Amino acid sequence: MFGPDLRFKPKLTVLNPAQIEQIHQATLEVLERTGVEVAHARALELLHGGGARVDGKRVRLPSWMVERAIRQAPHRVVLGDRSGERKVFLEGDKSWFGPSLDCIDYLDPLTDERRRFVSDDCRITATVADALPNFSWVMTIGMADDVPADIADRVIARQVFQTTVKPLVFCCKDANSVRDIYEMALLIAGSESRFRGAPTIVHYSEPISPLLYYDPAVEKILFCAEYGIPLINFPAPQGGSTAPATFAGEIVQASAESLSGLVLAQLARPGAPFIYGAFATVMDMRTTVFSYGAAEMSLMVAAMSQMAQHYQLPFFGTAGATDAKFPDAQAGAEVAFSCLASALVGANLVHDAGSWLDHGSLASPAFMVLVNEIISMVNQFMGGVPVNGETLALEMIDRVGPGGHFLNEDHTLRHFRDVWYSNVFDRTIYTAWLAEDGRRFEQRLRDHTAELMQHRPAPLPDATLAELEKMARHWK
Amino acid sequence: MSDTLVQISNAVIEGRVKDAPGLTHNALQAGLTAKDILDKGLMPGMDVVGAEFKKGKKFVPEVLLSARTMQASLDILKPLLAEAGAKMTGKVVVGTVKGDLHDIGKNLVGMMLEGSGFEVVDLGKDVAPEKFVDAVKKEKPNIVAMSALLTTTMRSMGHTVTALKEAGLRDAVKIMIGGAPVTADFAAQIGADAYAPNAPAAAELAKKFVSA
């Protein structure tokens, strides 16, 4: 009577096809008319040779160049874990959540003490990220205030490599740092060919909004293209200050910024793996803060995610961060909203989950645990309503009949675990809750986080650790 | 207070840029001095704007509009103030430090300082320590304000403080710093006078420095 499983993945769109086309044309217009500013000599040569109109540092990209680059880039990028297994498939509308980077401060999950983030905190956050199932990949999460700023980027990258098997998305100061981190990744992968089979690292580079490249960013783009390291070119415009205050205008500018890096990368090496996106949010005009919890951010991320799907380019999304200073009610609301929006629209590589409190300045393992829990809810919802003979259960409905119950049915036994149960959200009956110490949410979150911090990730072989130590001695 | 001055204050509070020149000319014709207009018309207006901002009632673009209104009046008053030997609130040299091209924070600080009656000399971005030194020699500011977004570039702030010391100019200015990775501890560590967490706080700090 019933055919195959008619599963429908819940889907959100915030732009209709006509709007997508209009935003696309406007983006091409910005690149062709206004262009971007690049000072880097080799990049200017490449761009000029590729057909760009170069006038001093101003580079204007004819539309055909941009559209060709969009076609040239791979439509999917697959990332591998430490063992070389292909794990994270950036394609279509699949969403993969991961944390963030560059937090200045660390919030101790057990004491709520706030202090500077140091390199050992990176070990703790990477441990928790390794333990949490909804983090499919990782970032470095914090800065390392205890080591010289010149080498801090590699110190924390090494810390993450040693602590988790998951793919790493990283940011760093220049191409020299990218090379050092790439060499660590090669060492751990075992060979260049194994690395190519399933890249374990993705570099995240930023043009400066509006429409400006500084030389180290350009060099990083060129280096990644040359070595086949997947590259995210990810501007961070703020509506009203470094981008138009209107959502459409900001999306167009952000898209132009990201795509200009795509053009450069494809000129450096056609087919270079590229991940499109922008952290488009608003400047909070009451505080001058760059908001990470704004509903408008989720709206613009969703719109850009649809642009990515239109271009068939993998997308770097943003969700799961908050402007709150603790993993509190505000944090929960902002995270639930942004994560659900991102999953619904089908953003691919969704960063900032659970590691940006206090508008991008503060990391907390407890917040990571909260966000992991929220992503579980989101994933449960995204599973949709499977419809088939088994799930429609007509035979049983008829057999049990009016006034009966389903508690003793085999069908119930087969399916009651389709329901998701939380480790920290409470559904106990009040008297039972009181009898069990009456732990409020904050306390349960703290206790569960403390357990997860005991997780011991798989260590790297001693020989690899020794080699990493040797590499570290040569960092400049 | 005369009606003219109240009108000027209100124009600033309401951000009526176009009305500022006419009101300023009226005030001068009525015999008020440039100094009076600044101290009793423009500044009280901006004080109200600052207070409203603090209460969350006015937003940054509105504060900047008020600052532009004040500037429109000051364009007329500045030559007169100079003639009379009267001074602005003070002078600030601002810049994003060497190696850093992120200037939105610095731009905001500059505009907020102007809105507080300061004369602002903006050195732009990627500003080397020696350029700060040259600007201090040439402009003789009360304050040097530096901005950085990156942990790798915030050290340039320290280098600038050192360069000012070596040039014998350290005590001639107050130094304040800001930017995402910057803290009060860092300010103390490099020998700056203070840290401001955002642009409005920078403007308040600057006012304290010159009134001290």
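Here the structure is a predicted model, which means the values were calculated and not measured.
One distance of note links NZ of B:K58 with CZ of A:R286; it measures 14.5 Å at 0.5 Å rounding. A distance of 11.5 Å separates CD1 in B:I104 from CD1 in A:I208, rounded to the nearest 0.5 Å. The OG1 atom of A:T288 sits 13.0 Å away from the CZ atom of B:F59 when rounded to the nearest 0.5 Å. To the nearest 0.5 angstrom, A:Y214 atom OH is 11.5 Å from B:D126 atom CG.
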(request) Decide side-chain contact (heavy atoms from CB on, under 4.5 Å) for B:T153 and A:K173; before the verdict, give the C-alpha distance in whole Å, the side-chain angles of both, and the deciding distance to 0.1 Å. (result) CA-CA 10 Å; B:T153 55; A:K173 69 184 166 82; over 6 Å; no
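Looking at B:H102 and A:T242, their side chains never come closer than 4.5 Å, going by heavy atoms from C-beta outward. Counting heavy atoms from C-beta outward, A:R116 and B:D185 have side chains that stay 4.5 Å or more apart. Side-chain atoms of A:E37 and B:L101, non-hydrogen and from C-beta on, never get closer than 4.5 Å to each other.
At a 4.5 Å heavy-atom cutoff, the contact between A:S241 and chain B is made by backbone and side-chain atoms alike. In this structure, chain A has a heavy atom under 4.5 Å from the side chain of B:K125, while its backbone stays farther away. If you measure heavy-atom distances from A:S209 to chain B, you find no contacts under 4.5 Å at all.
Among the candidates A:M143, A:M283, A:Q238, the residue making the largest number of heavy-atom pairs closer than 4.5 Å to chain B is A:M143. Of the listed residues (B:A201, B:G56, B:P61, B:P197), the greatest number of heavy-atom pairs within a distance under 4.5 Å of chain A belongs to B:P61.
Counting non-hydrogen atoms of neighbouring residues, nucleotides and ligands closer than 6.0 angstrom, the NZ atom of B:K57 reaches no more than 12 such neighbours. By the neighbour-count criterion of 12 heavy atoms within 6.0 Å, atom NZ of B:K98 is sparsely surrounded, having that number or fewer from other residues, nucleotides or ligands. Applying the 6.0 Å contact sphere to NZ of B:K87 captures no more than 12 heavy atoms from other residues, nucleotides or ligands. Few gaps surround NZ on B:K78; more than 12 heavy atoms of other groups in view lie less than 6.0 Å from it.
Residue A:A149 comes nearest to B:T152 through the heavy atom pair O-CG2, 3.7 Å, listed as atom of the first residue, atom of the second, then distance.
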